[in-house]
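All values below come from the heavy atoms of this structure, side chains included, with hydrogens, waters and symmetry mates left out. Note that the coordinates shown come from a computational prediction; the quantities given were computed from them, not determined experimentally.
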Amino acid sequence: MSELDQHLDRLLRAAAQAPARDLPPLSYATQTRAMAAWRGVRSAAPDFSLLRAWQTGLATAFGAAIVAVGISFAAAQDIDADVNDPYVVADPGVALAMTTGWLP
Amino acid sequence: MEVPELDVEACVARVRGGDEDAARCLMEHLYPLVTKIVRAHLPRRTAEEDLVQAVFAKVFTRLDQFRGEVPLTHWVSRVAVNTCFNELNRERVRPELRHADLSEAESEIIQNLAADTSDLPAEQALEAREIVEKLLADLSPADRLVITLLHLDGKSVEDIRQITGWSTPLVKVRAFRARQKMKQRLKALLRENHP
C-alpha cells in the first residue's frame, strides 16, 4: 500500500468517526410541502380504474363491430345467392306443385 | 407516557389509499433515516429541506411499487439515495479543490497527514469530514456515492449493490476509480502544502 493510500485511509477513517449533527425536528413547513407535492402528483395522475374500464369497453365495442360486419357480410352473400340463382328461386314453387298438385 | 410503535404495514396501506394523516405519521417515522441519507449525499447547491421533501413526495407517489419483499426502510433508503444521486447529476459544475479553499484547521490536518503515520485524533474528525466532503464534491455523482457509502457509511459492497442496483463488479470498479481520483486530488493538496 502506497504512502498516499495510507494518507487517504487515515483521512477517511477520521471522517467516518465524525459525530452526526443534531437532527432538527421535522418542521411543519417541510411536512406540508411534501404533502402538497404528493397531492399535486396524485391529482395529475390519470385514474387507472377508469382508464382500464374505458379500454375494456373500447375493446368490447370493437369486437362487437367486427362480429356485426361479419354477420352482415354473410347475410348479404346469402341474399345475392337467392336472387341471382334461378333454380333457388324456382325450387320452392316446384316443391309446392309436387306436394299439392297445384299448378299456376 | 410510552409512545405506541407505528404499525408500518397498516400505515402503508392507508397511505396507498390516499390517507394524508397516515402519510404524516409515516413521514415522522422515516424522517431521521431520510435526513441522514440526504445529509450524506447532499449536493452543494441544494437545501437539505428541499431534498428531504422531494424524497418524501417520491416515496408516497411510488408506494404502490413497494412489494414488501424487503423492509420498508431499505426501500426508502434506495429511493432517497437515488433522488440525491439524480440531484447531484444536475449539478454539473464541480470546481477543483485548492489548498486556499481549506480552513486553518483543515490545513493543519493535511500537514499532519504528511508528517505523521498514526491515526488522526478524534477531535479532528469534523475537520477531516469537511476535507473529505470537499474532495468528494470534485468527483462525479457515482464516484461520490460509492465512496460515501463504502468509507463513510461503512456499507459493504453487497449493501451498495442493493441500494444502487449496480452489479458487484461495477461497485468495485467504481470504488477503485473513485479512490484513484481522490488520491490524485489529495496528492495535489499535499504538494501545495509542501511544495
Any [X] side-chain heavy atom under 4.5 Å of [Y] side chain:
{"X": "M35(A)", "Y": "F56(B)", "result": "no"}
{"X": "W38(A)", "Y": "L63(B)", "result": "no"}
{"X": "L113(B)", "Y": "L8(A)", "result": "no"}
{"X": "P24(A)", "Y": "Y31(B)", "result": "yes"}

For this session: Could you look at P19(A) and say if it's the side chain, the backbone, both or neither that has a heavy atom under 4.5 Å from chain B?
Result: both
In this structure, are over 12 heavy atoms from other groups packed under 6.0 Å from [X] atom [atom1]?
{"X": "K183(B)", "atom1": "NZ", "value": "yes"}
{"X": "E9(B)", "atom1": "CD", "value": "no"}
{"X": "E158(B)", "atom1": "CD", "value": "yes"}

Please answer: with hydrophobic residues joined when any side-chain heavy atoms are less than 4.5 Å apart, are [X] and [Y] in the same cluster?
{"X": "I163(B)", "Y": "F66(B)", "value": "yes"}
{"X": "L149(B)", "Y": "L170(B)", "value": "yes"}
{"X": "L23(A)", "Y": "L26(B)", "value": "yes"}
{"X": "V15(B)", "Y": "V70(B)", "value": "yes"}

What heavy-atom pair brings [X] and [Y] nearest, and what distance separates the two atoms?
{"X": "L120(B)", "Y": "A14(A)", "result": "CD1-CB, 3.6 Å"}
{"X": "H151(B)", "Y": "A16(A)", "result": "O-CB, 3.6 Å"}
{"X": "A15(A)", "Y": "V132(B)", "result": "CB-CG2, 3.6 Å"}
{"X": "A57(B)", "Y": "A34(A)", "result": "CB-O, 4.3 Å"}

Seminar exercise, completed: Most heavy-atom pairs under 4.5 Å with chain B, out of R13(A), Q17(A), R33(A), belong to R33(A)
Exercise. With the threshold set at 4.0 Å, does a side-chain nitrogen-carboxylate oxygen contact exist between D9(A) and R179(B)?
Worked result: yes
[X] [atom1] to [Y] [atom2] distance, which is reported to the nearest 0.5 Å:
{"X": "L26(A)", "Y": "E49(B)", "atom1": "CG", "atom2": "CD", "answer": "8.5 Å"}
{"X": "L136(B)", "Y": "L12(A)", "atom1": "CG", "atom2": "CG", "answer": "8.0 Å"}
{"X": "M182(B)", "Y": "L4(A)", "atom1": "CE", "atom2": "CG", "answer": "11.0 Å"}
{"X": "L189(B)", "Y": "H7(A)", "atom1": "CG", "atom2": "NE2", "answer": "12.0 Å"}
{"X": "T32(A)", "Y": "E20(B)", "atom1": "OG1", "atom2": "CD", "answer": "10.0 Å"}

[X] portion near chain A, given a 4.5 angstrom heavy-atom threshold:
{"X": "I131(B)", "result": "side chain"}
{"X": "A122(B)", "result": "neither"}
{"X": "V34(B)", "result": "neither"}

Problem set entry | Exercise: do T30(A) and Q53(B) side chains pair donor with acceptor under 3.5 Å | no
Problem set entry | chain A interface, residue from P121(B), A23(B), A125(B) that has the most non-hydrogen pairs under 4.5 Å | A125(B)
Exercise. Between Q124(B), R24(B), K36(B), E48(B), which has the largest tally of heavy atom pairs under 4.5 Å with chain A?
Worked result: R24(B)
